[in-house]
Amino acid sequence: QVQLVESGGGSVQAGGSLRLSCAASVRYNVMAWFRQAPGKEREWVAVIYTGNGITDYADSVKGRFTISQDSAKTTVSLQMNSLKPEDTAIYYCAADKDVGRPWYARSAYNYWGQGTQVTVSS
């Protein structure tokens, strides 16, 4: 059974840091993080292509967040620094084996984690 298990969410004050992890039961070719704030659409945050390690970030998190993978390429982490209240959301891990779709689109991913809450207070 395909599984993506997220961990590492929590509460932190503005300016603080959190690290999220997503453990996959199998290796995927592309893995990403999305987030959804209350009353808003789910938005793409970061992506990593596990084969070559290429990454990309949404403008809102560029320079503050870093996506990385372990040597087995089945666990992806999201290091979040200089957190802001507007980063508050449920963070979802997403994955797929097809690398041909736009990485920023929800439709590009067939596999999703259950989500983990990140709360940043001012």
Side-chain angles (χ1 to χ4, degrees):
Q1 184 178 356
V2 173
Q3 277 191 318
L4 295 174
V5 181
E6 299 129 336
S7 61
S11 298
V12 66
Q13 289 192 325
S17 299
L18 284 173
R19 185 177 180 88
L20 307 181
S21 291
C22 174
S25 55
V26 298
R27 180 183 165 183
Y28 296 95
N29 292 320
V30 57
M31 297 185 73
W33 287 96
F34 284 72
R35 66 186 182 186
Q36 188 166 15
K40 294 189 176 181
E41 294 288 320
R42 191 172 299 188
E43 64 175 1
W44 168 72
V45 174
V47 65
I48 185 166
Y49 288 87
T50 62
N52 56 23
I54 289 177
T55 61
D56 199 8
Y57 301 89
D59 287 344
S60 58
V61 306
K62 200 169 289 185
R64 301 188 297 122
F65 291 11
T66 303
I67 189 170
S68 60
Q69 60 181 340
D70 68 345
S71 58
K73 301 181 180 182
T74 57
T75 297
V76 169
S77 297
L78 186 69
Q79 178 65 41
M80 305 184 294
N81 298 329
S82 302
L83 282 162
K84 305 175 181 179
E86 51 263 45
D87 294 318
T88 295
I90 298 175
Y91 283 70
Y92 295 91
C93 177
D96 209 279
K97 294 190 175 183
D98 187 348
V99 298
R101 307 185 189 120
W103 65 89
Y104 48 82
R106 290 180 59 181
S107 60
Y109 303 90
N110 283 307
Y111 307 102
W112 292 83
Q114 79 283 359
T116 185
Q117 178 71 47
V118 171
T119 303
V120 184
S121 59
S122 57

Can you establish whether the number of heavy atoms outside Trp103 located under 6.0 Å from its atom CH2 is more than 12?
no
Pairwise salt bridge (Lys or Arg N to Asp or Glu O under 4.0 Å) hits with a residue in residues 42-52, at least two apart:
Arg35-Glu43
Under 3.5 Å, side chain of Ser82 to main-chain N/O of Arg64, donor-acceptor pair present?
no
Mind checking whether Phe65 and Tyr91 have parallel, tilted or perpendicular rings, split at 30° and 60°?
tilted
Within 6.0 angstrom of Tyr57 OH, more than 12 heavy atoms from elsewhere
yes
Side-chain donor or acceptor of Glu6 paired with backbone N/O of Cys93 under 3.5 Å
yes
Charged N to carboxylate O under 4.0 angstrom, Asp59 versus Lys62?
yes
Verify same cluster id: Tyr28, Val47 (apolar side-chain graph, 4.5 Å)
no
In the structure I gave you, are the side-chain heavy atoms of Lys84 and Ser60 within less than 4.5 Å of one another anywhere?
no
Polar side-chain atom of Arg27 near backbone of Lys73 as donor-acceptor pair, under 3.5 Å
no
Should Trp33 and Met80 be counted in the same cluster of Ile, Leu, Val, Met, Phe, Trp and Tyr side chains packed under 4.5 Å apart?
yes
My understanding is that only residues two or more places apart in sequence, or in another chain, count here; which of them pass side chain to side chain contact (heavy atoms under 4.5 Å, CB included) with Val12?
Leu18, Leu83, Val120
Is there a side-chain contact between Gln79 and Ser68 (heavy atoms, below 4.5 Å)?
no
Please list all pairs passing the salt bridge (Lys or Arg N to Asp or Glu O under 4.0 Å) test where one or both residues lie in residues 93-104, with sequence neighbours left out.
Asp96-Arg101, Asp98-Arg101
Can any side-chain N or O of Asn29 pair as donor or acceptor with the backbone N or O of Val99 at less than 3.5 Å?
no
Return yes when atom CD of Glu86 has more than 12 non-hydrogen atoms of other residues, nucleotides or ligands closer than 6.0 Å, and no otherwise.
yes
Check whether Trp112 reaches the backbone of Gln114 with its side chain - one donor and one acceptor, N or O, closer than 3.5 Å.
no
Is there a chain of hydrophobic side chains (I, L, V, M, F, W, Y, each step under 4.5 Å between heavy atoms) that links Leu78 to Phe34?
no
Could you report the tightest heavy-atom contact between Gly115 and Ile90, atom names first, then the distance?
CA-CG2, 3.8 Å
